Amino acid sequence: MNIAWVTDSTAYLEEEVRRAYGVHVVPQSVVFGEESYREGEEIDERTFYERVRTGKELPKSSQPSLGEFVELYERLKQSYDAAIAVHLSSHISGTAETSKQAAQMVGFPV
């Protein structure tokens with residue numbers, strides 16, 4: 001059985017680890033006022049902390065969309081039998097539930 005690993009950017013895995021173990025990462029969004037950035041793609045840690053240090057207000061975050069997870073699971077279905085998804089606790093984020101819903105929508109065991 002070929003199993004994929006899925007997480008979101010809050011896992012903060014180093015690129016080498018992601019590549020070595022084939023971990024698929026869906027980015028959370030970080031919002032500074034009116035500006036939104038995909039964590040790990042459009043904003044890096046250094047820039048994030050600089051913005052926090054110099055900004056007037058703390059950023060907010062936003063979970064990945066259902067569509068992002070659907071797209072990922074559709075793609076993974078082509079090469080994998082199932083996935084193990086590790087996300088933030090459902091007590092503090094809707095990411096895990098969104099991931100689960102997307103997998104169910106495309107019929108991909110997670």
Side-chain angles (χ1 to χ4, degrees):
M1 182 173 241
N2 195 13
I3 299 176
W5 283 97
V6 175
T7 191
D8 57 77
S9 56
T10 62
Y12 299 107
L13 297 175
E14 297 289 333
E15 182 64 30
E16 306 83 54
V17 172
R18 292 177 10 203
R19 266 191 256 123
Y21 297 100
V23 179
H24 302 270
V25 178
V26 179
Q28 298 270 345
S29 292
V30 177
V31 182
F32 288 94
E34 299 295 316
E35 300 172 321
S36 180
Y37 303 95
R38 291 169 57 88
E39 190 175 42
E41 292 180 359
E42 298 172 339
I43 189 168
D44 60 20
E45 285 182 59
R46 177 182 231 170
T47 306
F48 172 82
Y49 286 114
E50 180 65 22
R51 296 276 312 257
V52 168
R53 189 176 66 74
T54 61
K56 292 180 176 38
E57 60 184 67
L58 292 175
K60 295 179 171 58
S61 64
S62 177
Q63 70 183 32
S65 71
L66 180 65
E68 288 178 276
F69 279 112
V70 166
E71 183 179 308
L72 173 63
Y73 291 138
E74 285 285 3
R75 193 172 70 242
L76 292 178
K77 270 177 66 170
Q78 306 304 310
S79 304
Y80 296 91
D81 302 309
I84 296 173
V86 180
H87 299 292
L88 287 167
S89 167
S90 60
H91 295 288
I92 61 173
S93 174
T95 302
E97 184 59 32
T98 300
S99 174
K100 181 178 170 183
Q101 287 175 355
Q104 289 171 343
M105 286 175 66
V106 302
F108 188 63
V110 172

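Just so we're clear, the structure is a prediction, and the values are computed from it rather than from any experiment.
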- Are Glu16 and Arg19 within salt-bridge range, i.e. N to O under 4.0 Å? no

- Note on the structure: All heavy atoms of Thr95 vs all of Gln63, minimum pair found to be N-OE1, 3.1 Å

- Honestly curious: do Val86 and Tyr12 fall in one hydrophobic cluster under the side-chain, below-4.5 Å linking rule? no

- Tyr21 and Trp5 have their tightest heavy-atom pair at O-CD1, 4.2 Å

- Item | Exercise: identify the closest heavy-atom pair between Phe32 and Ile43 | CE1-CD1, 3.8 Å

- Message: For Tyr37, give me all partners under ring-ring contact (aromatic ring centres under 6.0 Å, His included), at least two apart in sequence or on another chain.
- Response: none

- Message: Could you report the tightest heavy-atom contact between Asn2 and Ser79, atom names first, then the distance?
- Response: ND2-O, 2.8 Å

- How many angstroms lie between CZ in Arg75 and OH in Tyr80, if you round to the nearest 0.5 Å? 9.5 Å

- Verify the cluster assignment for Leu88 and Leu13: are they in a single hydrophobic cluster under the rule of side-chain heavy atoms below 4.5 Å apart? no

- Same cluster (ILVMFWY, side-chain, under 4.5 Å), Ile84 and Val17: yes

- From Ser9 OG over to Glu45 CD, what is the distance, rounded to the nearest 0.5 angstrom? 10.0 Å

- Message: Does Lys77 have more than 12 heavy atoms from other residues, nucleotides or ligands lying within 6.0 Å of its NZ?
- Response: yes

- Message: Between Gln104 and Tyr73, does the side-chain hydrogen bond (donor to acceptor under 3.5 Å, both in side chains) criterion hold? Intermediate values first, please.
- Response: CA-CA 10 Å; Gln104 289 171 343; Tyr73 291 138; over 6 Å; no

- Message: Using a 3.5 Å distance criterion without hydrogens, assess whether the side chain of Thr98 forms a donor-acceptor pair with backbone atoms of Gly94.
- Response: yes

- Query: To the nearest 0.5 Å, how far apart are CZ in Phe69 and NE2 in His24?
  - Reply: 13.0 Å

- NZ-CE distance between Lys100 and Met105, expressed to the nearest 0.5 angstrom: 14.5 Å

- Item | Shortest non-hydrogen separation from Ala85 to Val110 and the atoms involved | CB-CG1, 3.6 Å

- Heavy atoms from other residues, nucleotides or ligands near CD of Glu14 exceed 12 (cutoff 6.0 Å): no

- Under 6.0 Å from the CD atom of Glu71, do we count more than 12 heavy atoms belonging to anything else shown? no

- Could you pull out the closest heavy-atom pair between Gln28 and Ser62, with the gap in Å? OE1-O, 3.1 Å

- Message: Taking Met1 as the starting point, is it possible to reach Val23 by hopping between hydrophobic residues whose side chains are less than 4.5 Å apart?
- Response: yes

- Message: Taking the side chain as everything from C-beta on, heavy atoms only, tell me whether Thr10 gets closer than 4.5 Å to Glu39.
- Response: yes

- OG/Ser99 to CG/Asp8 distance, rounded to the nearest 0.5 angstrom? 8.5 Å

- Query: Is there side-chain contact between Leu58 and Val52, with heavy atoms separated by less than 4.5 Å?
  - Reply: yes

- Query: So if you build clusters from Ile, Leu, Val, Met, Phe, Trp, Tyr with side-chain heavy-atom gaps below 4.5 Å, do Val106 and Val6 land together?
  - Reply: yes

- Message: Once rounded to the nearest 0.5 Å, what's the spacing between atom OG of Ser29 and atom CD of Glu35?
- Response: 13.0 Å

